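Here's the structure, in C-alpha coordinates; my notes come after.
Below, all heavy atoms of this structure are taken into account, side chains as well, without hydrogens, waters or symmetry copies. Keep in mind it's a predicted model, so treat the numbers as computed, not measured. One-based numbering, in listed order, for ligands and for the atoms of each.
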Amino acid sequence: MRTQICIIGGGPSGLLLSQLLDLQGIDNVLLEKHTRDYVLGRIRAGVLEHGFAALMREAQCGDRMDREGEIHDGIEFAIDGVRKRVDLKALTGGNSVIVYGQTELTRDLYDAREKSGGNVIHCVEDVQLHDLKGASSVTYRKDGVAHTVECDYIIGADGFHGVSRKSIPADKIKEYERVYPFGWLGVLSETKPVANELIYARHDRGFALCSMRSQVLSRYYIQVSLADSVDDWSDDAFWTELKLRLPHDVANALETGPSIEKSIAPLRSFVAEPMRYGNLFLAGDAAHIVPPTGARGLNSAASDIYYLYHALLDYYKKGDDTGIDKYSERALARVWKGQRFSWWMTNLLHKFPDHIDYDNRLQDTELEYLFSSENALKSLAENYVGLPF
Ligand code: APR
Ligand code: PHB
(Lines give C-alpha, C1' and ligand atoms only; values in the text may rest on other atoms or scores of the structure.)
(Ligands and ions follow the chains in the order given, each with its own letter.)
Protein backbone atom coordinates (compact mmCIF):
# COMPACT_ATOMS: atom_id res chain seq x y z
CA MET A 1 0.00 0.00 0.00
CA ARG A 2 1.02 3.64 -0.46
CA THR A 3 0.47 6.42 2.09
CA GLN A 4 1.93 9.79 2.99
CA ILE A 5 2.83 8.99 6.63
CA CYS A 6 3.47 5.56 8.18
CA ILE A 7 3.21 5.71 11.97
CA ILE A 8 4.71 2.87 14.00
CA GLY A 9 3.14 2.57 17.45
CA GLY A 10 -0.46 2.85 18.67
CA GLY A 11 0.19 4.51 22.01
CA PRO A 12 -0.80 8.11 22.78
CA SER A 13 1.90 9.59 20.52
CA GLY A 14 1.07 7.64 17.39
CA LEU A 15 -2.69 7.82 17.86
CA LEU A 16 -2.75 11.57 18.50
CA LEU A 17 -0.65 12.33 15.42
CA SER A 18 -2.70 9.93 13.28
CA GLN A 19 -5.92 11.65 14.32
CA LEU A 20 -4.58 15.19 13.85
CA LEU A 21 -3.20 14.41 10.37
CA ASP A 22 -6.38 12.62 9.31
CA LEU A 23 -8.48 15.67 10.19
CA GLN A 24 -6.30 17.67 7.79
CA GLY A 25 -6.64 15.10 5.01
CA ILE A 26 -3.07 13.89 5.34
CA ASP A 27 -3.15 10.17 4.63
CA ASN A 28 -1.56 7.93 7.25
CA VAL A 29 -1.36 4.29 8.31
CA LEU A 30 -0.68 3.27 11.91
CA LEU A 31 0.96 -0.08 12.74
CA GLU A 32 0.61 -1.45 16.31
CA LYS A 33 2.12 -4.72 17.51
CA HIS A 34 -0.49 -5.42 20.17
CA THR A 35 -4.27 -5.53 20.31
CA ARG A 36 -6.21 -2.42 21.29
CA ASP A 37 -7.24 -4.04 24.59
CA TYR A 38 -3.60 -4.86 25.40
CA VAL A 39 -2.58 -1.24 24.82
CA LEU A 40 -5.50 -0.01 26.93
CA GLY A 41 -4.46 -2.38 29.72
CA ARG A 42 -1.40 -0.28 30.53
CA ILE A 43 -1.67 1.73 33.77
CA ARG A 44 0.02 5.09 33.22
CA ALA A 45 -0.13 8.57 34.73
CA GLY A 46 -2.49 11.16 33.32
CA VAL A 47 -1.54 14.66 34.44
CA LEU A 48 -2.13 16.73 31.30
CA GLU A 49 -0.46 20.06 30.62
CA HIS A 50 -2.86 22.72 29.36
CA GLY A 51 -1.12 22.64 25.95
CA PHE A 52 -1.68 18.91 25.65
CA ALA A 53 -5.35 19.31 26.59
CA ALA A 54 -5.68 21.93 23.83
CA LEU A 55 -4.12 19.51 21.33
CA MET A 56 -6.61 16.80 22.33
CA ARG A 57 -9.46 19.25 21.69
CA GLU A 58 -7.92 20.17 18.30
CA ALA A 59 -7.90 16.44 17.55
CA GLN A 60 -11.65 16.41 18.37
CA CYS A 61 -10.86 13.99 21.23
CA GLY A 62 -11.28 16.33 24.19
CA ASP A 63 -14.99 15.99 25.05
CA ARG A 64 -14.74 13.16 27.62
CA MET A 65 -11.48 14.63 28.97
CA ASP A 66 -13.29 17.93 29.61
CA ARG A 67 -16.32 16.11 31.01
CA GLU A 68 -14.66 13.53 33.23
CA GLY A 69 -11.15 14.89 33.75
CA GLU A 70 -10.49 16.84 36.93
CA ILE A 71 -9.01 20.33 36.74
CA HIS A 72 -6.33 20.72 39.39
CA ASP A 73 -5.35 24.28 40.27
CA GLY A 74 -2.65 23.15 42.67
CA ILE A 75 -0.47 20.33 43.98
CA GLU A 76 0.74 19.61 47.49
CA PHE A 77 4.13 18.78 48.90
CA ALA A 78 4.55 17.00 52.24
CA ILE A 79 8.03 17.75 53.49
CA ASP A 80 8.95 15.61 56.49
CA GLY A 81 5.28 15.54 57.48
CA VAL A 82 4.48 19.22 56.86
CA ARG A 83 1.95 19.96 54.08
CA LYS A 84 2.70 22.81 51.65
CA ARG A 85 0.32 23.62 48.78
CA VAL A 86 1.60 25.07 45.52
CA ASP A 87 -1.09 27.20 43.86
CA LEU A 88 -0.32 26.44 40.22
CA LYS A 89 -3.13 28.67 38.92
CA ALA A 90 -2.11 31.74 40.89
CA LEU A 91 1.60 31.27 40.19
CA THR A 92 1.09 30.89 36.42
CA GLY A 93 -1.52 33.56 35.89
CA GLY A 94 -4.38 31.11 35.41
CA ASN A 95 -3.01 27.81 34.12
CA SER A 96 -3.88 24.43 35.64
CA VAL A 97 -3.51 20.75 34.79
CA ILE A 98 -6.15 18.15 33.98
CA VAL A 99 -5.97 14.80 35.77
CA TYR A 100 -7.34 12.24 33.31
CA GLY A 101 -5.92 8.71 33.12
CA GLN A 102 -3.74 7.85 30.12
CA THR A 103 -5.82 4.73 29.61
CA GLU A 104 -8.97 6.84 29.09
CA LEU A 105 -7.13 9.32 26.87
CA THR A 106 -5.80 6.48 24.72
CA ARG A 107 -9.28 4.96 24.58
CA ASP A 108 -10.69 8.28 23.32
CA LEU A 109 -8.01 8.40 20.62
CA TYR A 110 -8.73 4.82 19.52
CA ASP A 111 -12.47 5.55 19.42
CA ALA A 112 -11.84 8.63 17.27
CA ARG A 113 -9.66 6.69 14.84
CA GLU A 114 -12.29 3.99 14.58
CA LYS A 115 -15.11 6.54 14.09
CA SER A 116 -13.27 8.23 11.23
CA GLY A 117 -12.28 4.93 9.64
CA GLY A 118 -8.61 5.47 10.38
CA ASN A 119 -6.21 2.84 9.05
CA VAL A 120 -4.97 1.38 12.35
CA ILE A 121 -3.53 -2.11 11.93
CA HIS A 122 -3.09 -4.20 15.09
CA CYS A 123 -1.05 -7.34 15.81
CA VAL A 124 1.63 -6.54 13.24
CA GLU A 125 4.87 -8.52 13.46
CA ASP A 126 8.43 -8.15 12.22
CA VAL A 127 8.14 -4.44 11.43
CA GLN A 128 11.16 -3.26 9.47
CA LEU A 129 12.08 0.18 8.17
CA HIS A 130 13.71 0.51 4.75
CA ASP A 131 15.57 3.20 2.72
CA LEU A 132 15.32 5.92 5.35
CA LYS A 133 17.33 8.22 3.10
CA GLY A 134 15.54 7.43 -0.12
CA ALA A 135 12.18 5.98 -1.20
CA SER A 136 11.18 4.88 2.30
CA SER A 137 8.99 1.94 3.15
CA VAL A 138 7.95 -0.19 6.10
CA THR A 139 7.42 -3.91 5.87
CA TYR A 140 5.53 -6.08 8.37
CA ARG A 141 3.75 -9.37 8.69
CA LYS A 142 0.18 -9.93 9.84
CA ASP A 143 -1.47 -13.33 10.13
CA GLY A 144 1.54 -14.77 8.33
CA VAL A 145 1.12 -12.46 5.32
CA ALA A 146 3.89 -10.03 4.34
CA HIS A 147 2.94 -6.41 3.65
CA THR A 148 4.78 -3.29 2.44
CA VAL A 149 3.84 0.34 3.19
CA GLU A 150 5.46 2.82 0.82
CA CYS A 151 5.44 6.30 2.35
CA ASP A 152 6.93 9.78 2.31
CA TYR A 153 7.79 9.75 6.01
CA ILE A 154 7.94 7.26 8.88
CA ILE A 155 7.02 8.29 12.45
CA GLY A 156 8.69 6.15 15.09
CA ALA A 157 6.17 6.35 17.94
CA ASP A 158 6.87 2.81 19.09
CA GLY A 159 8.13 3.51 22.57
CA PHE A 160 11.44 2.86 24.31
CA HIS A 161 11.64 -0.78 23.22
CA GLY A 162 10.42 -0.21 19.68
CA VAL A 163 12.17 -0.87 16.38
CA SER A 164 12.41 2.72 15.09
CA ARG A 165 15.26 4.17 17.18
CA LYS A 166 17.22 0.95 16.62
CA SER A 167 16.83 1.41 12.85
CA ILE A 168 19.08 4.48 12.97
CA PRO A 169 22.76 3.63 12.36
CA ALA A 170 24.59 3.57 15.71
CA ASP A 171 27.10 6.17 14.54
CA LYS A 172 24.28 8.59 13.65
CA ILE A 173 22.56 8.69 17.04
CA LYS A 174 23.78 9.66 20.52
CA GLU A 175 22.03 8.44 23.66
CA TYR A 176 22.08 10.22 27.01
CA GLU A 177 20.98 8.19 30.05
CA ARG A 178 20.81 8.35 33.82
CA VAL A 179 19.44 5.38 35.80
CA TYR A 180 18.23 6.11 39.35
CA PRO A 181 19.17 3.83 42.30
CA PHE A 182 15.57 3.12 43.29
CA GLY A 183 12.16 2.27 41.85
CA TRP A 184 8.51 3.18 42.41
CA LEU A 185 6.10 0.60 43.81
CA GLY A 186 2.67 1.66 42.52
CA VAL A 187 -0.77 0.53 43.70
CA LEU A 188 -4.13 1.16 42.04
CA SER A 189 -7.11 0.76 44.38
CA GLU A 190 -10.86 1.33 44.06
CA THR A 191 -10.84 3.77 46.96
CA LYS A 192 -11.62 7.46 47.35
CA PRO A 193 -8.43 9.52 46.87
CA VAL A 194 -7.04 10.73 50.19
CA ALA A 195 -6.94 14.37 48.99
CA ASN A 196 -8.42 16.51 46.23
CA GLU A 197 -4.99 17.25 44.77
CA LEU A 198 -1.78 15.25 44.31
CA ILE A 199 0.55 15.03 47.30
CA TYR A 200 4.31 14.60 46.69
CA ALA A 201 5.95 13.49 49.95
CA ARG A 202 9.63 13.71 50.95
CA HIS A 203 10.38 11.60 53.99
CA ASP A 204 13.45 10.06 55.59
CA ARG A 205 11.98 6.62 54.81
CA GLY A 206 11.65 7.56 51.14
CA PHE A 207 9.44 9.29 48.60
CA ALA A 208 5.68 8.75 48.38
CA LEU A 209 2.99 10.09 46.05
CA CYS A 210 -0.78 10.24 46.45
CA SER A 211 -2.54 10.52 43.11
CA MET A 212 -5.78 9.44 41.51
CA ARG A 213 -7.56 8.44 38.30
CA SER A 214 -11.05 9.53 39.44
CA GLN A 215 -12.95 10.09 42.69
CA VAL A 216 -13.33 6.31 43.03
CA LEU A 217 -9.93 5.17 41.76
CA SER A 218 -6.74 6.07 43.64
CA ARG A 219 -3.11 5.70 42.62
CA TYR A 220 -0.35 5.63 45.23
CA TYR A 221 3.42 5.16 44.99
CA ILE A 222 6.29 4.61 47.39
CA GLN A 223 10.00 4.67 46.58
CA VAL A 224 11.51 1.18 46.98
CA SER A 225 14.90 -0.47 46.55
CA LEU A 226 15.74 -1.89 43.12
CA ALA A 227 16.34 -5.16 44.98
CA ASP A 228 12.63 -5.33 45.90
CA SER A 229 10.09 -7.36 43.98
CA VAL A 230 6.31 -6.95 44.03
CA ASP A 231 6.05 -10.25 45.92
CA ASP A 232 7.94 -8.61 48.80
CA TRP A 233 5.07 -6.18 49.29
CA SER A 234 1.69 -7.34 50.54
CA ASP A 235 -1.11 -4.78 50.31
CA ASP A 236 -0.97 -4.36 54.10
CA ALA A 237 2.79 -3.77 54.01
CA PHE A 238 2.30 -1.17 51.27
CA TRP A 239 -0.42 0.74 53.11
CA THR A 240 1.55 0.65 56.36
CA GLU A 241 4.69 2.05 54.71
CA LEU A 242 2.75 4.67 52.77
CA LYS A 243 1.14 5.95 55.98
CA LEU A 244 4.55 6.20 57.66
CA ARG A 245 5.70 8.58 54.90
CA LEU A 246 2.62 10.84 54.94
CA PRO A 247 1.61 13.66 57.34
CA HIS A 248 -0.43 12.28 60.25
CA ASP A 249 -3.71 13.90 59.14
CA VAL A 250 -3.31 12.44 55.64
CA ALA A 251 -2.32 9.00 56.94
CA ASN A 252 -5.34 8.97 59.26
CA ALA A 253 -7.67 9.91 56.40
CA LEU A 254 -6.24 7.33 53.99
CA GLU A 255 -8.85 4.87 52.71
CA THR A 256 -7.11 1.57 52.05
CA GLY A 257 -8.37 -1.35 50.03
CA PRO A 258 -7.23 -4.28 47.89
CA SER A 259 -4.81 -3.44 45.08
CA ILE A 260 -6.27 -4.01 41.61
CA GLU A 261 -2.85 -3.35 40.12
CA LYS A 262 0.53 -3.42 41.84
CA SER A 263 3.89 -3.06 40.09
CA ILE A 264 7.42 -1.76 40.50
CA ALA A 265 8.84 0.58 37.84
CA PRO A 266 12.50 1.57 37.56
CA LEU A 267 13.32 5.26 37.09
CA ARG A 268 15.38 6.41 34.13
CA SER A 269 16.21 9.62 32.28
CA PHE A 270 16.95 9.03 28.62
CA VAL A 271 17.25 11.10 25.44
CA ALA A 272 18.30 10.02 21.93
CA GLU A 273 19.62 12.69 19.59
CA PRO A 274 18.80 13.62 16.90
CA MET A 275 15.10 12.78 16.71
CA ARG A 276 15.25 12.59 12.93
CA TYR A 277 17.22 10.44 10.51
CA GLY A 278 16.35 10.93 6.86
CA ASN A 279 12.62 10.25 6.47
CA LEU A 280 12.30 8.80 10.00
CA PHE A 281 11.08 11.03 12.85
CA LEU A 282 11.13 9.74 16.45
CA ALA A 283 8.39 10.84 18.86
CA GLY A 284 7.51 10.15 22.48
CA ASP A 285 9.06 7.32 24.44
CA ALA A 286 10.89 6.13 21.31
CA ALA A 287 13.16 9.14 21.75
CA HIS A 288 13.05 9.99 25.45
CA ILE A 289 12.10 8.72 28.90
CA VAL A 290 11.72 10.64 32.15
CA PRO A 291 11.37 9.51 35.77
CA PRO A 292 7.64 9.90 36.57
CA THR A 293 8.25 12.37 39.43
CA GLY A 294 7.47 15.38 37.28
CA ALA A 295 4.56 13.74 35.37
CA ARG A 296 6.29 14.74 32.09
CA GLY A 297 6.25 11.41 30.16
CA LEU A 298 2.95 11.80 28.35
CA ASN A 299 3.37 15.57 28.10
CA SER A 300 6.81 15.26 26.47
CA ALA A 301 5.25 12.89 23.92
CA ALA A 302 2.50 15.42 23.21
CA SER A 303 5.14 18.11 22.73
CA ASP A 304 6.79 16.09 19.95
CA ILE A 305 3.43 15.50 18.31
CA TYR A 306 2.68 19.23 18.37
CA TYR A 307 5.92 19.99 16.47
CA LEU A 308 5.53 17.05 14.08
CA TYR A 309 1.90 17.88 13.31
CA HIS A 310 2.65 21.51 12.41
CA ALA A 311 5.78 20.54 10.46
CA LEU A 312 3.86 18.04 8.32
CA LEU A 313 0.94 20.44 7.91
CA ASP A 314 3.26 23.17 6.63
CA TYR A 315 4.95 20.70 4.29
CA TYR A 316 1.84 19.20 2.72
CA LYS A 317 -0.35 22.34 2.74
CA LYS A 318 2.20 25.10 2.04
CA GLY A 319 5.20 23.23 0.58
CA ASP A 320 7.24 24.65 3.46
CA ASP A 321 9.73 22.11 4.88
CA THR A 322 11.18 24.42 7.56
CA GLY A 323 9.33 22.62 10.34
CA ILE A 324 10.49 19.24 9.07
CA ASP A 325 14.10 20.40 8.90
CA LYS A 326 13.90 21.99 12.36
CA TYR A 327 11.78 19.26 14.03
CA SER A 328 14.59 17.59 15.95
CA GLU A 329 16.07 20.89 17.13
CA ARG A 330 12.69 22.30 18.22
CA ALA A 331 11.45 19.07 19.84
CA LEU A 332 14.70 18.46 21.73
CA ALA A 333 14.76 22.00 23.13
CA ARG A 334 11.47 21.28 24.91
CA VAL A 335 12.27 17.62 25.64
CA TRP A 336 15.39 18.64 27.57
CA LYS A 337 13.40 21.17 29.62
CA GLY A 338 11.10 18.30 30.58
CA GLN A 339 14.17 16.19 31.37
CA ARG A 340 15.54 18.94 33.59
CA PHE A 341 12.30 19.36 35.50
CA SER A 342 11.86 15.60 35.99
CA TRP A 343 15.48 15.22 37.14
CA TRP A 344 15.10 18.21 39.50
CA MET A 345 11.84 16.90 41.05
CA THR A 346 13.41 13.43 41.46
CA ASN A 347 16.51 14.81 43.19
CA LEU A 348 14.36 17.10 45.33
CA LEU A 349 12.13 14.41 46.82
CA HIS A 350 13.85 11.03 46.90
CA LYS A 351 16.21 9.46 49.43
CA PHE A 352 19.37 8.56 47.50
CA PRO A 353 21.18 5.56 49.02
CA ASP A 354 24.55 6.83 47.77
CA HIS A 355 24.15 10.42 49.00
CA ILE A 356 26.60 11.78 51.57
CA ASP A 357 25.56 14.15 54.35
CA TYR A 358 26.44 17.16 52.21
CA ASP A 359 24.02 16.01 49.49
CA ASN A 360 21.25 15.58 52.04
CA ARG A 361 21.76 19.08 53.45
CA LEU A 362 21.74 20.42 49.90
CA GLN A 363 18.35 18.74 49.34
CA ASP A 364 17.07 20.37 52.54
CA THR A 365 18.35 23.72 51.29
CA GLU A 366 16.75 23.28 47.85
CA LEU A 367 13.40 22.65 49.55
CA GLU A 368 13.88 25.56 51.96
CA TYR A 369 14.71 27.90 49.07
CA LEU A 370 11.77 26.62 47.00
CA PHE A 371 9.19 27.35 49.67
CA SER A 372 10.76 30.68 50.69
CA SER A 373 10.88 32.15 47.15
CA GLU A 374 7.87 33.02 45.02
CA ASN A 375 10.16 33.07 41.99
CA ALA A 376 11.28 29.51 42.73
CA LEU A 377 7.65 28.43 43.12
CA LYS A 378 6.75 30.19 39.86
CA SER A 379 9.48 28.22 38.13
CA LEU A 380 8.12 24.94 39.51
CA ALA A 381 4.57 25.91 38.60
CA GLU A 382 5.30 27.00 35.01
CA ASN A 383 7.08 23.71 34.37
CA TYR A 384 4.35 21.62 35.99
CA VAL A 385 1.45 23.19 34.05
CA GLY A 386 3.55 23.08 30.88
CA LEU A 387 6.01 25.43 29.22
CA PRO A 388 4.89 27.02 25.94
CA PHE A 389 5.34 24.89 22.81
N1 APR B 1 5.83 -2.43 15.86
C2 APR B 1 4.62 -1.86 16.11
N3 APR B 1 4.28 -1.31 17.29
C4 APR B 1 5.22 -1.32 18.26
C5 APR B 1 6.51 -1.87 18.08
C6 APR B 1 6.80 -2.44 16.80
N7 APR B 1 7.99 -2.97 16.54
N8 APR B 1 7.21 -1.71 19.24
C9 APR B 1 6.40 -1.10 20.11
N10 APR B 1 5.20 -0.88 19.54
C11 APR B 1 4.02 -0.22 20.14
C12 APR B 1 3.78 -0.61 21.59
O13 APR B 1 2.98 -1.80 21.67
C14 APR B 1 3.03 0.61 22.12
O15 APR B 1 1.63 0.45 22.02
O16 APR B 1 4.29 1.18 20.18
C17 APR B 1 3.48 1.76 21.21
C18 APR B 1 4.32 2.79 21.96
O19 APR B 1 3.47 3.41 22.94
P20 APR B 1 4.08 4.01 24.31
O21 APR B 1 5.14 3.11 24.82
O22 APR B 1 2.91 4.34 25.21
O23 APR B 1 4.81 5.36 23.88
P24 APR B 1 4.17 6.75 23.45
O25 APR B 1 3.01 6.58 22.54
O26 APR B 1 5.32 7.58 23.04
O27 APR B 1 3.55 7.35 24.79
C28 APR B 1 4.36 7.86 25.79
O29 APR B 1 3.43 6.35 27.33
O30 APR B 1 5.05 5.02 28.25
C31 APR B 1 4.20 6.04 28.51
O32 APR B 1 5.16 7.40 30.22
C33 APR B 1 4.99 7.26 28.83
O34 APR B 1 3.13 8.54 29.21
C35 APR B 1 4.15 8.31 28.27
C36 APR B 1 3.55 7.73 27.03
C1 PHB C 1 0.01 9.04 38.49
O2 PHB C 1 -1.14 9.42 38.77
O3 PHB C 1 0.28 7.88 38.12
C4 PHB C 1 1.14 10.05 38.61
C5 PHB C 1 0.83 11.39 38.85
C6 PHB C 1 1.86 12.33 38.95
C7 PHB C 1 3.17 11.90 38.83
C8 PHB C 1 3.48 10.56 38.58
C9 PHB C 1 2.46 9.63 38.47
O10 PHB C 1 4.18 12.83 38.96
Side-chain angles (χ1 to χ4, degrees), residues 6-18 29-48 52 70 72 75-77 97 99-103 105-106 109-110 120-129 138-142 149 154-167 184 186-188 193 197-200 207-214 217-221 261 263 265 267-268 270 282-305 308 335 338 341-342 345-346 349 384:
C6 183
I7 299 170
I8 305 172
S13 300
L15 288 165
L16 178 56
L17 181 63
S18 178
V29 173
L30 188 152
L31 307 176
E32 166 55 46
K33 73 188 292 188
H34 290 299
T35 63
R36 169 178 164 150
D37 286 346
Y38 183 95
V39 174
L40 293 176
R42 296 173 181 141
I43 304 297
R44 299 244 175 88
V47 175
L48 312 185
F52 183 8
E70 291 187 6
H72 284 210
I75 54 175
E76 274 198 61
F77 285 74
V97 292
V99 172
Y100 185 60
Q102 181 171 317
T103 301
L105 177 142
T106 307
L109 288 166
Y110 265 120
V120 176
I121 303 170
H122 286 277
C123 303
V124 299
E125 299 173 317
D126 190 22
V127 170
Q128 294 182 39
L129 290 67
V138 175
T139 56
Y140 67 93
R141 301 179 65 78
K142 183 172 168 70
V149 182
I154 302 168
I155 310 301
D158 48 348
F160 184 70
H161 301 289
V163 65
S164 299
R165 188 181 69 250
K166 296 163 190 165
S167 300
W184 277 20
V187 158
L188 195 64
E197 296 174 333
L198 274 62
I199 302 178
Y200 291 84
F207 170 81
L209 171 61
C210 302
S211 183
M212 75 277 295
R213 295 288 177 269
S214 69
L217 196 58
S218 299
R219 181 67 166 171
Y220 295 102
Y221 298 94
E261 194 275 343
S263 55
L267 274 65
R268 165 205 319 272
F270 173 87
L282 301 180
D285 275 17
H288 41 77
I289 298 286
V290 284
T293 327
R296 286 316 97 180
L298 186 54
N299 291 299
S300 295
S303 173
D304 299 341
I305 299 309
L308 261 180
V335 160
F341 180 65
S342 304
M345 283 278 280
T346 302
L349 297 168
Y384 199 91

Flag side-chain contact, heavy atom, 4.5 Å: [X] against [Y]:
X	Y	result
Glu197	Ile75	no
Phe52	Leu16	yes
Ile8	Tyr140	no
Arg36	Val120	no
Leu129	Ser164	yes
Asp158	Val127	no
Leu105	Leu48	yes

Work out whether the distance between some heavy atom of Tyr220 and some atom of ligand 2 is less than 4.0 Å.
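Per 4.0 Å heavy-atom rule, Tyr220 does not contact ligand 2.
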Would you say Leu209 touches ligand 2, if touching means a heavy atom closer than 4.0 Å?
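Within the 4.0 Å threshold, so yes.
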Spatial distance of atom [atom1] ([X]) from atom [atom2] ([Y]) [nearest 0.5 Å]:
X	Y	atom1	atom2	value
Thr293	Leu349	OG1	CG	7.0 Å
Leu298	Asp285	CG	CG	9.0 Å
Tyr200	Cys210	OH	SG	11.0 Å

When you compare ligand 2 with Ser211, is there at least one nitrogen or oxygen pair between them that comes in under 3.5 angstrom?
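Yes, there is a polar N/O contact under 3.5 Å.
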N/O to N/O below 3.5 Å, does that happen between Arg44 and ligand 2?
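Looking only at distances, the answer is no, because the N/O contact criterion of under 3.5 Å is not met.
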Which part of Arg213 is near ligand 2, with near meaning a heavy atom under 4.0 Å away: side chain, backbone, both or neither?
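Side chain only.
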Show which atoms of ligand 2 fall inside a sub-4.0 Å distance from at least one heavy-atom site of [X].
X	answer
Arg219	3 (O)
Ala295	6 (C), 7 (C), 10 (O)
Pro292	7 (C), 8 (C), 10 (O)
Tyr200	6 (C), 7 (C), 10 (O)
Val47	5 (C), 6 (C)
Leu198	5 (C), 6 (C)
Thr293	10 (O)

To check your reading of the model: name the closest protein heavy atom to [atom], its residue, and the distance in Å.
atom	result
atom 21 (O) of ligand 1	Gly159 CA, 3.8 Å
atom 3 (O) of ligand 2	Tyr221 OH, 2.5 Å
atom 33 (C) of ligand 1	Asp285 OD2, 3.2 Å
atom 7 (N) of ligand 1	Val163 CG1, 3.7 Å
atom 20 (P) of ligand 1	Arg44 NH1, 4.3 Å
atom 12 (C) of ligand 1	Arg42 NH2, 3.5 Å
atom 18 (C) of ligand 1	Ala157 O, 3.4 Å
atom 3 (N) of ligand 1	Lys33 N, 3.2 Å
atom 4 (C) of ligand 2	Ala45 CB, 3.5 Å
atom 17 (C) of ligand 1	Glu32 OE1, 3.6 Å

Could you tell me whether [X] approaches ligand 1 through its side chain, its backbone, both or neither, with non-hydrogen atoms closer than 4.0 Å?
X	value
Ile289	neither
Pro292	neither
Asp158	both

Look at ligand 1 and say whether His161 reaches it with a heavy atom at a distance under 4.0 Å.
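Judged by the 4.0 Å heavy-atom criterion, His161 does not count as contacting ligand 1.
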Which residue is it: Thr106, Ile305, Ile7? I am looking for the one with a side-chain contact (heavy atoms from CB on, under 4.5 Å) to Leu15.
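Exactly one pass, corresponding to Thr106.
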Taking [X] for the side chain and [Y] for the main chain, is one N or O donor matched with an acceptor at less than 3.5 Å?
X	Y	answer
Ser18	Gly14	no
Thr103	Arg42	yes
Arg165	Ala286	yes
Lys33	Gly10	no

Identify whether NZ of Lys or CZ of Arg in Arg296 sits under 6.0 Å from the centre of the six-membered ring of Tyr384 and within 45° of that ring's axis.
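Yes, a cation-pi geometry.
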Number the atoms of ligand 1 from 1 as they appear, then name those within less than 4.0 Å of a heavy atom of Gly162, with their elements.
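Once the distances to Gly162 are compared, the set is 8 (N).
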Out of [options], who gets a non-hydrogen atom closest to [atom]?
atom	options	value
atom 27 (O) of ligand 1	Ala302, Gly284, Pro12	Pro12
atom 24 (P) of ligand 1	Gly11, Gly297, Ser13	Ser13
atom 1 (N) of ligand 1	Ile7, Val127, Val138	Val127

Please say whether Leu298 places an N or O atom under 3.5 Å from an N or O atom belonging to ligand 1.
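So ligand 1 has an N or O lying under 3.5 Å from an N or O of Leu298.
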More than 12 heavy atoms of other residues, nucleotides or ligands under 6.0 Å from CZ of Phe160: is that the case?
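Check passes, neighbour count above 12.
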